[in-house]
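Have a look at the structure below, then the notes.
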Amino acid sequence: MMKLSVLLIGPTIMIFLGLIIFKSVPITFILFYGWLLFVPILLYFRNKSIRWNRKKHLNLKSFTVGLISGVISLVAIYGAVALLHNLVFDLGELKQILVEWNFTGSILFWLIIFLIFINPVLEELYWRDVMYKRLIDRVGAAQTIMITSFFYSLYHLVPLFSIFAFPFNFIAVIPVFIAGLMWGYFRYKLNSISASIISHILADLGIMLVYLNYIL
(Lines give C-alpha, C1' and ligand atoms only; values in the text may rest on other atoms or scores of the structure.)
Protein backbone atom coordinates (compact mmCIF):
# COMPACT_ATOMS: atom_id res chain seq x y z
CA MET A 1 0.00 0.00 0.00
CA MET A 2 2.88 2.36 0.76
CA LYS A 3 4.40 1.78 -2.68
CA LEU A 4 1.04 2.50 -4.32
CA SER A 5 0.68 5.74 -2.34
CA VAL A 6 4.14 6.85 -3.49
CA LEU A 7 3.26 6.09 -7.10
CA LEU A 8 0.05 8.13 -6.80
CA ILE A 9 1.55 11.19 -5.07
CA GLY A 10 4.98 11.12 -6.76
CA PRO A 11 4.08 13.25 -9.82
CA THR A 12 2.59 15.96 -7.59
CA ILE A 13 5.78 16.08 -5.52
CA MET A 14 7.85 16.46 -8.69
CA ILE A 15 5.70 19.37 -9.90
CA PHE A 16 5.87 21.02 -6.47
CA LEU A 17 9.66 20.71 -6.31
CA GLY A 18 10.12 22.06 -9.81
CA LEU A 19 7.74 25.02 -9.75
CA ILE A 20 7.60 26.03 -6.09
CA ILE A 21 11.06 25.13 -4.81
CA PHE A 22 13.20 25.60 -7.94
CA LYS A 23 10.77 27.94 -9.77
CA SER A 24 11.82 26.56 -13.14
CA VAL A 25 9.79 24.95 -15.90
CA PRO A 26 12.84 23.15 -17.40
CA ILE A 27 13.69 21.60 -14.01
CA THR A 28 10.03 20.70 -13.53
CA PHE A 29 10.06 18.95 -16.89
CA ILE A 30 13.11 16.91 -15.90
CA LEU A 31 11.64 15.89 -12.53
CA PHE A 32 8.06 15.31 -13.61
CA TYR A 33 8.60 13.60 -16.95
CA GLY A 34 11.56 11.70 -15.57
CA TRP A 35 9.13 10.21 -13.04
CA LEU A 36 6.45 9.48 -15.65
CA LEU A 37 9.00 7.82 -17.93
CA PHE A 38 11.34 5.90 -15.65
CA VAL A 39 8.87 4.61 -13.05
CA PRO A 40 6.84 2.73 -15.72
CA ILE A 41 10.06 1.45 -17.27
CA LEU A 42 11.15 0.03 -13.91
CA LEU A 43 7.72 -1.50 -13.37
CA TYR A 44 7.77 -2.84 -16.93
CA PHE A 45 10.84 -4.95 -16.23
CA ARG A 46 9.42 -6.16 -12.91
CA ASN A 47 5.87 -6.95 -13.98
CA LYS A 48 4.89 -8.22 -17.43
CA SER A 49 1.21 -7.44 -16.78
CA ILE A 50 1.77 -3.70 -17.35
CA ARG A 51 3.21 -4.21 -20.82
CA TRP A 52 1.43 -2.36 -23.63
CA ASN A 53 -0.30 -4.40 -26.32
CA ARG A 54 -0.14 -2.28 -29.48
CA LYS A 55 -2.71 -4.29 -31.45
CA LYS A 56 -5.25 -4.10 -28.63
CA HIS A 57 -4.93 -0.35 -28.11
CA LEU A 58 -4.83 0.86 -31.73
CA ASN A 59 -8.22 0.53 -33.43
CA LEU A 60 -10.64 2.67 -35.44
CA LYS A 61 -13.26 3.01 -32.71
CA SER A 62 -10.75 4.30 -30.18
CA PHE A 63 -9.31 6.70 -32.76
CA THR A 64 -12.77 8.07 -33.59
CA VAL A 65 -13.79 8.50 -29.95
CA GLY A 66 -10.50 10.20 -29.16
CA LEU A 67 -10.74 12.53 -32.14
CA ILE A 68 -14.32 13.64 -31.50
CA SER A 69 -13.87 14.11 -27.75
CA GLY A 70 -10.55 15.87 -28.33
CA VAL A 71 -12.01 18.38 -30.78
CA ILE A 72 -14.85 19.11 -28.34
CA SER A 73 -12.30 19.60 -25.54
CA LEU A 74 -10.14 21.90 -27.68
CA VAL A 75 -13.11 24.09 -28.65
CA ALA A 76 -14.39 24.17 -25.05
CA ILE A 77 -10.99 25.18 -23.63
CA TYR A 78 -10.28 27.87 -26.21
CA GLY A 79 -13.85 29.17 -26.17
CA ALA A 80 -14.03 29.39 -22.38
CA VAL A 81 -10.77 31.34 -22.16
CA ALA A 82 -11.77 33.61 -25.06
CA LEU A 83 -14.91 34.56 -23.11
CA LEU A 84 -13.50 34.69 -19.60
CA HIS A 85 -9.75 35.47 -19.77
CA ASN A 86 -10.17 39.06 -18.56
CA LEU A 87 -12.07 37.78 -15.56
CA VAL A 88 -10.01 34.81 -14.41
CA PHE A 89 -6.40 35.97 -14.68
CA ASP A 90 -4.18 39.02 -14.94
CA LEU A 91 -2.18 38.74 -18.18
CA GLY A 92 0.66 40.94 -16.97
CA GLU A 93 1.09 38.98 -13.76
CA LEU A 94 0.81 35.67 -15.62
CA LYS A 95 3.52 36.67 -18.10
CA GLN A 96 5.79 37.62 -15.20
CA ILE A 97 5.21 34.24 -13.54
CA LEU A 98 6.10 32.41 -16.76
CA VAL A 99 9.30 34.45 -17.09
CA GLU A 100 10.22 33.56 -13.49
CA TRP A 101 9.59 29.89 -14.31
CA ASN A 102 11.83 30.16 -17.42
CA PHE A 103 8.92 29.32 -19.72
CA THR A 104 10.44 31.63 -22.28
CA GLY A 105 13.42 32.14 -24.56
CA SER A 106 14.95 29.87 -27.17
CA ILE A 107 13.60 26.64 -25.67
CA LEU A 108 9.98 27.84 -25.68
CA PHE A 109 9.16 26.22 -29.03
CA TRP A 110 10.41 22.83 -27.85
CA LEU A 111 8.56 23.13 -24.54
CA ILE A 112 5.31 23.76 -26.43
CA ILE A 113 5.90 20.84 -28.81
CA PHE A 114 6.69 18.62 -25.83
CA LEU A 115 3.53 19.66 -24.00
CA ILE A 116 1.34 18.98 -27.03
CA PHE A 117 2.75 15.66 -28.23
CA ILE A 118 4.82 14.04 -25.47
CA ASN A 119 3.02 15.10 -22.30
CA PRO A 120 -0.32 13.43 -23.23
CA VAL A 121 1.39 10.17 -24.12
CA LEU A 122 3.40 9.96 -20.90
CA GLU A 123 0.50 11.05 -18.67
CA GLU A 124 -1.97 8.64 -20.24
CA LEU A 125 0.47 5.74 -20.13
CA TYR A 126 1.11 6.48 -16.46
CA TRP A 127 -2.45 7.09 -15.24
CA ARG A 128 -4.67 5.23 -17.65
CA ASP A 129 -2.44 2.20 -18.14
CA VAL A 130 0.20 1.65 -15.45
CA MET A 131 -1.76 2.98 -12.46
CA TYR A 132 -5.04 1.71 -13.91
CA LYS A 133 -3.70 -1.85 -14.00
CA ARG A 134 -2.31 -1.62 -10.46
CA LEU A 135 -5.70 -0.49 -9.10
CA ILE A 136 -8.37 -2.21 -11.19
CA ASP A 137 -8.15 -5.63 -9.50
CA ARG A 138 -7.93 -4.09 -6.02
CA VAL A 139 -10.78 -1.58 -6.05
CA GLY A 140 -12.76 -2.08 -9.27
CA ALA A 141 -13.30 0.12 -12.30
CA ALA A 142 -15.32 2.97 -10.76
CA GLN A 143 -12.90 3.61 -7.89
CA THR A 144 -9.90 3.18 -10.18
CA ILE A 145 -11.21 5.89 -12.50
CA MET A 146 -11.96 8.18 -9.53
CA ILE A 147 -8.58 7.65 -7.84
CA THR A 148 -6.49 8.10 -10.99
CA SER A 149 -8.53 11.19 -11.94
CA PHE A 150 -8.07 12.71 -8.48
CA PHE A 151 -4.30 12.29 -8.39
CA TYR A 152 -4.01 13.32 -12.03
CA SER A 153 -5.87 16.53 -11.11
CA LEU A 154 -3.94 17.09 -7.89
CA TYR A 155 -0.64 18.19 -9.43
CA HIS A 156 -2.46 20.59 -11.76
CA LEU A 157 -3.39 22.60 -8.65
CA VAL A 158 0.27 23.57 -8.15
CA PRO A 159 0.60 25.79 -11.27
CA LEU A 160 -3.08 26.82 -11.10
CA PHE A 161 -2.55 28.34 -7.64
CA SER A 162 0.03 30.69 -9.17
CA ILE A 163 -1.78 31.39 -12.45
CA PHE A 164 -5.31 32.04 -11.15
CA ALA A 165 -6.65 33.95 -8.16
CA PHE A 166 -8.95 32.29 -5.63
CA PRO A 167 -11.51 30.80 -6.24
CA PHE A 168 -10.71 30.40 -9.93
CA ASN A 169 -7.67 28.21 -9.18
CA PHE A 170 -9.96 25.62 -7.60
CA ILE A 171 -12.63 26.07 -10.27
CA ALA A 172 -10.04 25.63 -13.03
CA VAL A 173 -9.06 22.17 -11.77
CA ILE A 174 -12.63 20.86 -12.08
CA PRO A 175 -12.40 20.47 -15.89
CA VAL A 176 -9.08 18.66 -15.39
CA PHE A 177 -10.78 16.19 -13.05
CA ILE A 178 -13.68 15.75 -15.48
CA ALA A 179 -11.21 15.11 -18.31
CA GLY A 180 -9.52 12.48 -16.14
CA LEU A 181 -12.88 10.79 -15.56
CA MET A 182 -13.62 10.87 -19.28
CA TRP A 183 -10.25 9.42 -20.25
CA GLY A 184 -10.50 6.81 -17.51
CA TYR A 185 -13.92 5.82 -18.80
CA PHE A 186 -12.51 5.50 -22.32
CA ARG A 187 -9.79 3.23 -20.90
CA TYR A 188 -12.37 1.03 -19.22
CA LYS A 189 -15.05 0.98 -21.90
CA LEU A 190 -12.77 0.59 -24.92
CA ASN A 191 -10.04 -1.40 -23.14
CA SER A 192 -7.58 0.96 -24.85
CA ILE A 193 -5.61 4.11 -24.08
CA SER A 194 -5.35 5.34 -27.67
CA ALA A 195 -8.65 7.26 -27.37
CA SER A 196 -7.49 9.05 -24.24
CA ILE A 197 -4.10 9.88 -25.77
CA ILE A 198 -5.64 11.38 -28.92
CA SER A 199 -8.23 13.31 -26.90
CA HIS A 200 -5.53 14.51 -24.49
CA ILE A 201 -3.30 15.72 -27.33
CA LEU A 202 -6.10 17.86 -28.76
CA ALA A 203 -7.00 19.22 -25.31
CA ASP A 204 -3.38 20.23 -24.71
CA LEU A 205 -3.31 21.79 -28.17
CA GLY A 206 -6.24 23.94 -27.06
CA ILE A 207 -4.28 25.06 -24.00
CA MET A 208 -1.24 25.92 -26.11
CA LEU A 209 -3.42 27.88 -28.56
CA VAL A 210 -4.67 29.89 -25.59
CA TYR A 211 -1.08 30.56 -24.58
CA LEU A 212 -0.02 31.59 -28.09
CA ASN A 213 -3.01 33.85 -28.66
CA TYR A 214 -3.59 35.43 -25.26
CA ILE A 215 -0.38 35.17 -23.24
CA LEU A 216 2.69 35.08 -25.48
Parallel, tilted or perpendicular, as decided by the 30° and 60° cut-offs, for the rings of [Y] and [X]:
X	Y	result
H200	W183	parallel
Y78	Y214	tilted
Y188	Y185	tilted

Closest contact, heavy atoms only, [X] versus [Y]:
X	Y	result
V176	S153	C-OG, 3.7 Å
L190	A195	CD1-CB, 3.7 Å
S69	M182	CB-SD, 4.2 Å
M14	L31	CG-O, 3.6 Å
P26	N102	CD-CB, 3.8 Å
L202	G66	CD1-O, 4.3 Å

> In the hydrophobic clustering (ILVMFWY, side-chain contacts below 4.5 Å, transitive), which residues join I68, or is it alone?
Replying inline: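 I72, which link up through side-chain heavy atoms under 4.5 Å apart, make up the rest of the cluster.
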>> If I take atom CG from residue L122 and atom CD1 from residue I118, how far apart are they, to the nearest 0.5 angstrom?
In response: 6.5 Å
>> Rounded at 0.5 Å granularity, tell me how far NE2 in H156 sits from OG1 in T12.
In response: 9.5 Å
Please examine the side chains of [Y] and [X], heavy atoms only from C-beta on, and report whether any two atoms are closer than 4.5 Å.
X	Y	result
P159	I15	yes
F32	P11	yes
S194	F63	no
D204	L115	no
D129	E124	no

>> Are there over 12 heavy-atom neighbours, none belonging to M208, within less than 6.0 Å of that residue's CE?
In response: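 Result for CE/M208: enclosed.
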> V39 and side-chain contact (heavy atoms from CB on, under 4.5 Å): which partner among L7, V6, V130?
Replying inline: L7
>> Consider side-chain contact (heavy atoms from CB on, under 4.5 Å). Of L108, V81, L94, which one does Y211 pass it with?
In response: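 The passing option is L108.
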